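Since this is a predicted model, take the numbers as computed values, not measurements. In this chain, residues are counted from 1 in sequence order.
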Amino acid sequence: MSDAGVLHIKGRVLVGPEDVRDELWVVDGRVTFDRPAAGDVRTVTGWVLPGLVDAHCHVGLDAHGAVDEATSEKQALTDRDAGTLLIRDAGSAADTRWIDDREDLPRIIRAGRHIARTRRYIRNYAHEIEPGDLPAYVRAEARRGDGWVKLVGDWIDRDRGDLAACWPGDALAEAITAAHQEGARVTAHCFAAESLPDLLAAGIDCVEHATGLTEELIPQFAERGVAIVPTLVNIATFPKLAAGGEDKFPAWSAHMRRLHERRYDTVAAAHDAGIPVYVGTDAGGSLAHGLVAQEVAELVKAGLSAAEALSAASWAARAWLGRDGLTEGASADLVVYAEDPRADVRVLADPRLVVLRGRPVG
């Protein structure tokens, strides 16, 4: 409410898992915990969280590739109205930089365009290249993105008829080193276990989906601090995908079903081992936007406590991405709920008020 008075929020302000305040004010678009001078004040009551984070989202993309600005806008507004005010866009073929000029749209941290092996990913999504070109493409996307690069680590190999790693270890090591030299972190789409050892050895920072984590690999992820974004609302589609490929690729279909069946156990084991876990919906492509509440609920099903699942979508996720939460002087990006989301994360599906850059929106 930078030009429309002061917003006063009373109730329970969840600054952190253990840091709960009684109230905050929004003055000139910023958070303050100091009572301002008397003026035009609007008071709202409720439970307050920092704006939610979707750490795996694709604004500007649908099942066929890049979309126009009107469609991208609709996607971003859907996420915003669900309380997602910070998006890590984990690969998009569209140029969405224009969104940065819109005060009413979520903040986006971009990973540039996917980088995939030739004919080893969804058509029209990625730069499709061979291993010798990987370091140069990674360096270029690191310069275009906002501190992240997205690789496709594995995909179906039609000759094998199953999931297979896309890159040799030496190419990965050179490429990830190049990204780090540019100040970017690297994440990778990975369903199967096969691609993970080389990615770990190369210095990967994060793995998307991570359904292939094994008992042997989990301690290595934990030791190196490699994060995962499980996208469980996406993994829920595996049985349908498997059924569609049954006749042509039976081994792949069986593999996808096994990954789906153990999805909750995989996430629970990763979390119990200390691997950082963050919320991501994989919105865009074939999945709808605005599913952040469903993904938080999925993490609870996987064994995270309500507070841990909320942190994966708010406090911890913002810290991981280098963005402020509800701190003094920070941009007022927050969501107000009628009830305590720590008691029942399903509350996230019904925001009472969404405030972005200090303005009520939606």
Open item on the list: Under a 3.5 Å cutoff, is there a donor and acceptor pairing between the side chains of His114 and His127?
Closed with: no
Open item on the list: With a 4.0 Å cut-off on N to O distance, would you call Arg97 and Asp95 a salt bridge?
Closed with: no
Open item on the list: I want to check something: taking the side chain as every heavy atom from C-beta on, are Val233 and Thr231 in contact at a cut-off of under 4.5 Å?
Closed with: no
Open item on the list: Is it true that Thr96 and Arg110 share a donor-acceptor pair across their side chains at a distance under 3.5 Å?
Closed with: yes
Open item on the list: Applying the side-chain contact (heavy atoms from CB on, under 4.5 Å) criterion to Ile115, which one of Val152, Asp133, Leu134 satisfies it?
Closed with: Leu134
- [ ] Show your reasoning for whether side-chain contact (heavy atoms from CB on, under 4.5 Å) applies to Leu85 and Arg80.
- [x] CA-CA 6 Å; Leu85 303 184; Arg80 182 202 71 182; 3.8 Å; yes
Open item on the list: For a side-chain contact (heavy atoms from CB on, under 4.5 Å) check, start with the C-alpha distance between Leu334 and Leu353, then their side-chain angles and the critical distance, and finish with the verdict.
Closed with: CA-CA 8 Å; Leu334 57 91; Leu353 178 68; 5.7 Å; no
Open item on the list: I'd like to know if Arg160 and Asp162 make a salt bridge, using a cut-off of under 4.0 Å between side-chain N and carboxylate O.
Closed with: no
Open item on the list: Between Ser195 and Asp154, does the side chain to side chain donor-acceptor pair (under 3.5 Å) criterion hold? Intermediate values first, please.
Closed with: CA-CA 6 Å; Ser195 59; Asp154 63 34; 3.2 Å; yes
Task: Pair Ser72-Gln75, side-chain donor/acceptor within less than 3.5 Å - done: no
Open item on the list: Quick one about Asp89 and His56 (side-chain donor to acceptor, distance below 3.5 Å, no hydrogens or angles considered), yes or no?
Closed with: no
Open item on the list: With a 4.0 Å cut-off on N to O distance, would you call Arg30 and Asp28 a salt bridge?
Closed with: no
Task: Heavy-atom donor-acceptor pair, Arg318 side chain to Asp324 backbone, under 3.5 Å - done: yes
Open item on the list: Looking only at the side chains, is there a donor atom on one of Arg262 and Thr211 sitting less than 3.5 Å from an acceptor on the other?
Closed with: no
TODO: Please step through side-chain contact (heavy atoms from CB on, under 4.5 Å) for the pair Glu339 and Asp344, ending with a clear verdict.
DONE: CA-CA 8 Å; Glu339 300 176 55; Asp344 185 349; over 6 Å; no
Open item on the list: Could you check whether Asp19 pairs with Arg21 (Lys NZ or Arg NE/NH1/NH2 to Asp/Glu carboxylate O, under 4.0 Å)?
Closed with: yes
Open item on the list: Side-chain heavy atoms nearer than 4.5 Å, only ILVMFWY residues, links allowed to pass through others: does that put Ile9 and Val347 together?
Closed with: no
- [ ] Would you please test Leu241 and Phe238 for side-chain contact (heavy atoms from CB on, under 4.5 Å) and show each step?
- [x] CA-CA 5 Å; Leu241 296 174; Phe238 279 16; 4.2 Å; yes
TODO: Quick one: name the residues clustered hydrophobically with Ile109, using the 4.5 Å side-chain heavy-atom rule over I, L, V, M, F, W, Y, and just say none if it's on its own.
DONE: Val53, Leu86, Trp148, Val229, Tyr278, Trp320, Leu321
Open item on the list: Check this for me: Glu328, atom CD, are more than 12 non-hydrogen atoms of other residues, nucleotides or ligands nearer than 6.0 Å?
Closed with: yes
Task: Shared hydrophobic cluster for Ile122 and Leu61 (ILVMFWY, side-chain gaps under 4.5 Å) - done: yes
TODO: Could you tell me whether Glu223 atom CD has more than 12 heavy atoms of other residues or ligands within 6.0 Å of it?
DONE: no
Open item on the list: I want to check something: taking the side chain as every heavy atom from C-beta on, are Val355 and Leu7 in contact at a cut-off of under 4.5 Å?
Closed with: yes
Task: side-chain hydrogen bond (donor to acceptor under 3.5 Å, both in side chains) pairs, two or more places apart, involving residues 60-70 - done: Asp68-Thr71
TODO: Check the side chains of Arg257 and His260 for a donor-acceptor pair under 3.5 angstrom, ignoring hydrogens and angles.
DONE: no
TODO: Check ring-ring contact (aromatic ring centres under 6.0 Å, His included) between Tyr337 and all other residues, then give those that pass, not counting sequence neighbours.
DONE: none
- [ ] Considering only NZ, NE, NH1 and NH2 on the basic side and carboxylate oxygens on the acidic side, decide whether Glu128 and Arg117 come within less than 4.0 Å.
- [x] no
Task: Glu298 with Lys301: basic N within carboxylate O range, under 4.0 Å - done: yes
- [ ] For the pair Glu103 and Arg359, find out whether any cationic side-chain nitrogen is under 4.0 Å from an anionic carboxylate oxygen.
- [x] no
TODO: State, without any angle test, whether Thr281 and Glu295 hold a side-chain donor-acceptor pair at a distance under 3.5 Å.
DONE: no
Open item on the list: Under a 3.5 Å cutoff, is there a donor and acceptor pairing between the side chains of Asp54 and Thr84?
Closed with: no
Task: Test item: Arg120 side-chain N/O and Ala164 main-chain N/O as donor-acceptor pair under 3.5 Å - done: yes
Task: Test log, rule salt bridge (Lys or Arg N to Asp or Glu O under 4.0 Å), inputs Glu23 and Arg35 - done: CA-CA 9 Å; Glu23 55 191 345; Arg35 185 185 299 274; 3.8 Å; yes
- [ ] Taking only Lys NZ, Arg NE, NH1 and NH2, and the carboxylate oxygens of Asp or Glu, determine whether Arg107 and Asp333 approach each other closer than 4.0 Å.
- [x] yes
